[in-house]
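Okay, so here's the structure we're looking at.
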Number of protein chains: 2
Amino acid sequence: MERYYDVAQNCLFSKTRTVSRYVTNLYTKALKEIGVTPVQYSMLTAIQILREGNINELSSALKMDRTTINRNLKPLLRDGHVYVNESKDKRERVVSITKEGEEIYDKGYKEWQKAQEELRAEIGEENWSELNAVLDSVIKVIAEK
Amino acid sequence: MERYYDVAQNCLFSKTRTVSRYVTNLYTKALKEIGVTPVQYSMLTAIQILREGNINELSSALKMDRTTINRNLKPLLRDGHVYVNESKDKRERVVSITKEGEEIYDKGYKEWQKAQEELRAEIGEENWSELNAVLDSVIKVIAEK
DNA sequence: CCTTTTTATGTGTATATGCACATTGTAGCA
DNA sequence: TGCTACAATGTGCATATACACATAAAAAGG
């Protein structure tokens with residue numbers, strides 16, 4: 001019997017996931033009117049920074065599985081936010097943002113800022129800064145692997 | 001140009017999501033041999049605590065969308081880990097754990113503990129306790145809504 | 001008691017996620 | 001050069017997630 005409560009109260013997976021769902025829903029609503037999901041918005045960010053990145057580079061930058069990058073590119077391609085070029089290395093595909101993608105991005109920036117502010121207000125200044133700090137620290141560990 | 005880096009470095013959605021993916025993968029591997037995902041394991045936990053819970057109660061306990069609960073129950077039903085009974089209120093469906101579900105749960109407890117220990121070792125004691133504390137605090141905010 | 005409202009749930013659709021497996025192209029080496 | 005190892009990507013499959021819409025049953029109110 002006790003073990004149920006052990007898991008329910010102490011599982012870091014559940015906690016992380018619960019907060020992730022909550023945060024995701026908040027950003028999803030904020031970005032909805034411009035027609036991208038927050039995951040797509042973060043992918044556009046990485047694509048802009050890389051300018052011309054292949055799938056492995058995006059995978060590495062976003063710390064997201066290679067095959068997930070592949071799938072997540074599809075709605076962005078379909079909606080004309082990004083395009084893909086071949087490379088000299090015929091195995092490789094190079095992803096770039098389109099003009100329309102940039103426009104969407106700029107529009108979304110305000111909504112993203114609003115989402116950040118809304119979340120900060122919801123959880124409070126102290127949680128906000130502590131959450132940022134500890135997540136940065138954990139991501140650093142992840143990046144070193 | 002600057003805004004790309006603003007989003008890339010400061011987006012709490014991305015940070016939360018990145019850590020969530022990482023943590024999920026770790027617990028997924030740990031629980032793989034007993035044949036349940038970490039989400040399923042956390043659902044079994046809630047089902048055990050509630051003993052007889054309907055979908056809304058599970059939704060509330062797990063802070064997961066009602067329709068997500070519905071879908072996530074399907075593999076658990078298929079695999080015989082849980083069963084569903086009707087209630088006096090014919091709209092309602094009451095979910096309980098099976099004997100096999102309990103056995104799976106007990107086996108999984110060791111793996112869950114290992115996953116917790118592994119994550120703690122990976123990210124370090126300080127990150128572990130800070131992450132726990134701030135997530136608890138944020139979940140408290142979520143619960144109050 | 002009948003109508004209206006509320007409640008509990010299910011389904012269609014779309015995105016997100018990652019493992020296992022397959023394919024194709026490049027590089028390295030004898 | 002030709003074979004082998006490796007590297008980049010795609011696909012099948014399964015789970016996870018939530019919104020919009022639909023249905024059926026209970027509760028409320030006259």
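Please read these numbers as outputs of a predicted model, since none were measured by experiment.
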**Report entry** Of all pairs that satisfy ring pair (Phe, Tyr, Trp, His ring centres under 6.0 Å), the ones with a partner from residues 31-57 of chain A, not counting sequence neighbours
**Finding:**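 Listed once each, the pairs are A:Tyr41-A:Tyr105.
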
Query raised in the report: Do B:Asn54 and B:Asp89 come within less than 4.5 Å of each other through their side chains, counting heavy atoms only?
Result: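 With C-beta onward as the side chain, the pair stays apart.
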
Side-chain donor or acceptor of [X] paired with backbone N/O of [Y] under 3.5 Å:
X: A:Thr98; Y: A:Gly80; value: yes
X: A:Ser59; Y: A:Met64; value: yes
X: A:Glu102; Y: A:Lys99; value: no
X: B:Thr28; Y: B:Thr24; value: yes

**Report entry** Whole-Å gap separating C1' (D:dA26) and CG (B:Asn56)
**Finding:**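 About 14 Å, once rounded to whole Å.
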
**Report entry** Side chains of A:Asp6 and B:Tyr109, donor plus acceptor under 3.5 Å
**Finding:**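 A:Asp6 vs B:Tyr109: donor-acceptor pair found between side chains.
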
Query - Under 3.5 Å side-chain donor-acceptor pair for B:Gln116 and B:Tyr27 - result: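 Side-chain D/A pair, B:Gln116 to B:Tyr27: present.
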
**Report entry** Base-contact (B) and sugar-phosphate-only (S) positions in nucleotides 11-21 of chain D, heavy-atom cut-off under 4.0 Å, - elsewhere
**Finding:** BBB-SSBBBBB

Report task. Extract, from 5' to 3' on DNA chain C, the first and final nucleotides lying under 4.0 angstrom from some heavy atom of chain B. Result ->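 Span of nucleotides near chain B: C:dT7 to C:dA20.
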
Report task. Could I get the full list of side chain to side chain donor-acceptor pair (under 3.5 Å) partners for B:Ser87, not counting sequence neighbours? Result ->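 Checked B:Ser87 against side chain to side chain donor-acceptor pair (under 3.5 Å); matches are B:Glu92.
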
Query raised in the report: Among residues 88-106 of chain A, which residues get a heavy atom nearer than 4.0 Å to DNA chain C?
Result: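 By residue number: A:Lys88, A:Asp89, A:Lys90, A:Arg91.
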
**Report entry** Residues in side-chain contact (heavy atoms from CB on, under 4.5 Å) contact with A:Arg71, at least two apart in sequence or another chain
**Finding:**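 For A:Arg71, no residue satisfies side-chain contact (heavy atoms from CB on, under 4.5 Å) once neighbours in sequence are set aside.
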
